[in-house]
Trainee: 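I have a structure here, written as structure tokens, and I will follow up with some questions on it.
Start at 1 and go down the list; that is how both ligands and their atoms are numbered.
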Amino acid sequence: MESKKFILQEKDIPTAWYNIVADMKTKPLPPLNPKTKEPLKAEDLYPLFAKGLVEQELNQTDAWIEIPEEVRDMYKLWRPTPLVRAYGLEKALDTPAHIYFKNESVSPVGSHKLNSSIPQAYYCKKEGVTNVTTETGAGQWGCAMALAAKHFGLELAVYMVKVSYNQKPYRRSIMQTFGAEVIASPSMSTRAGRDIITAHPNYQGSLGTAISEAVELAMQTPNCKYVLGSVLNHVMLHQTVIGLEAEKQMEMAGEYPDVLIACFGGGSNFSGIAFPFLRHKINEGRQIRVVAAEPASCPKLTRGQFQYDFGDESGYTPLLPMFTLGHNFAPANIHAGGLRYHGAGSIVSQLKKDGLMEAVDIQQLETFKAAVLFAQAEGIVPAPESSHAIAAAIREAEQAKLEGKPRTILFNLSGHGLIDMAAYDQYLAGDLTNYEVTDAEVARNLAELEKIIK
Ligand SMILES: *Cc1c(COP(=O)(O)O)cnc(C)c1O
């Protein structure tokens, strides 16, 4: 058997992040002030975010942004991550396709999220911030932020979506072990939380609500900033270490992907692996299909609309140009908690609008079937989120088999599922279902949105 793993050295950890906006022919539309509808200036964002991060957020000119030495040092805890040729999965599928995956599950918190929590904590600390607030869906981002906050000496409060708080108690314990305060959202500790609980007493929460609560607390706490694990441009930027490493590793393997796949919540792991490859497509016209895999129960890229919307449920954030289902869309309680978000980041939304990438939506049962096959073939239990990418990769491999032609597939394994075994238990017991979103539901939600935004 040829080499299965492609391993880089510590010196190969990227020294700069890749800012795709500098290379995009059509730049993303600017974020807007919801009251004046004027484009936001850096000063408008300073109350909420660290300055270093705001500069990255609005940077449209520098394709490369240096990674601070303190951040690279902490990346060395687990980076570079392996690229793996999935021979086992290829064999199980009896496909002529070559399947590779970038294994981001090897991080200390089990997902890609640490790639951005570290620089976010770093820039906050550097500017004298003492407290940070954030939200977390499945708990992945909260764990990553808790570790980074502890490392840089920041106090962290995390609003965790209630459904995950109850379904995934061990992620809460991990955050608490790293020293963070964890609050189930919606909570009675903020106006946003109280309003929703009053209107819907049994509401199990969403990322949108948790963001509203975290933003509200940040605005009320002195010397406190808010940090976010996805959606925003600076988060996408930090995640590009994934694709930059994968680019070198695919060279070591002597191949170039025909199709590149990642699961999609707000877009950070997708952007992380995709942007460095998309630069070949934008700058050199290289052929590569780039596919985002989203849950059928939260299909913003495949069935949402491109327009300005709030990033949170209560309308505290700036208006962002995005493919969205409407900020008050309440997704079903699927186990891929990290994918239950109503919109897509504005860079990705523009790339999708310009036809530089595509999206597929996948039902919950197909993702678990794919996850079990992958676990048995490759020995890694994937996160329910990552299983969307695996399912999409399997569809591609099956298509290659139908056509009787080889195809090189690269997907991002954004995290492992070892803390999601309750979800696997339910799947194996036959207790999981698919969730249909009707066109009428999507249309109703978007019509509601148009009334609010105008
Ligand atoms: C958070 C998370 C996601 C979804 O977030 P993106 O910003 O879309 O990447 C996907 N996979 C895992 C393992 C996660 O923790």
Trainee: Below 4.0 angstrom from a heavy atom of C263, which ligand 1 atoms are there? Numbered from 1 as shown, please.
Mentor: 10 (C), 11 (N)

Trainee: Is it the case that over 12 heavy atoms from other parts of the model lie below 6.0 angstrom from the NZ atom of K150?
Mentor: no

Trainee: Heavy atoms only: which of G337, A383, S268 lies closest to atom 6 (P) of ligand 1?
Mentor: S268

Trainee: More than 12 heavy atoms of other residues, nucleotides or ligands under 6.0 Å from NZ of K126: yes or no?
Mentor: no

Trainee: Out of all atoms in ligand 1, which are within 4.0 Å of some heavy atom of G415? Include the element for each.
Mentor: 13 (C)

Trainee: Return the option from A144, G142, S230, S414 holding the heavy atom at the smallest distance from atom 11 (N) of ligand 1.
Mentor: S414

Trainee: Under 3.5 Å, is there a donor-acceptor pair between the side chain of S271 and the main chain of G267?
Mentor: yes

Trainee: Does a donor on one side chain sit under 3.5 Å from an acceptor on the other, for N283 and D23?
Mentor: yes

Trainee: Only heavy atoms of L339, strictly under 4.0 Å: list the atoms of ligand 1 that pass.
Mentor: 4 (C)

Trainee: Please identify which atoms of ligand 1 are closer than 4.0 Å to at least one heavy atom of E385.
Mentor: 10 (C), 11 (N), 12 (C)

Trainee: Would a line drawn from the ring center of Y18 to the ring center of F275 be shorter than 6.0 Å?
Mentor: no

Trainee: Which heavy atom of the protein is the closest neighbour of atom 8 (O) of ligand 1, given with residue, atom name and distance?
Mentor: G265 N, 2.6 Å

Trainee: Is any N or O atom of G267, backbone or side chain, closer than 3.5 Å to an N or O atom of ligand 1?
Mentor: yes

Trainee: Calculate, to the nearest 0.5 Å, the distance between atoms CD1 and CZ belonging to I334 and F368 respectively.
Mentor: 9.0 Å

Trainee: Report the member of Q140, K113, H112 with the shortest heavy-atom distance to atom 1 (C) of ligand 1.
Mentor: K113

Trainee: Minimum heavy-atom separation for L325 to N445, with atom names?
Mentor: O-ND2, 2.9 Å

Trainee: Does Y203 have K162 sitting over its ring (NZ/CZ under 6.0 Å from centre, angle to axis within 45°)?
Mentor: no

Trainee: Quick check: does G229 get an N/O under 3.5 Å from an N/O on ligand 1?
Mentor: no

Trainee: Could R85 and F6 be counted as a cation-pi pair, given that NZ or CZ must be under 6.0 Å from the ring centre and within 45° of the axis?
Mentor: no

Trainee: Tell me which protein heavy atom sits closest to atom 4 (C) of ligand 1, plus the residue, atom name and distance to 0.1 Å.
Mentor: G338 O, 3.5 Å

Trainee: Taking a cutoff of less than 4.0 Å between a non-hydrogen atom of the residue and any ligand atom, is W141 in contact with ligand 1?
Mentor: no

Trainee: Short list, please: which atoms of ligand 1 are under 4.0 Å from a heavy atom of G266?
Mentor: 6 (P), 7 (O), 8 (O)

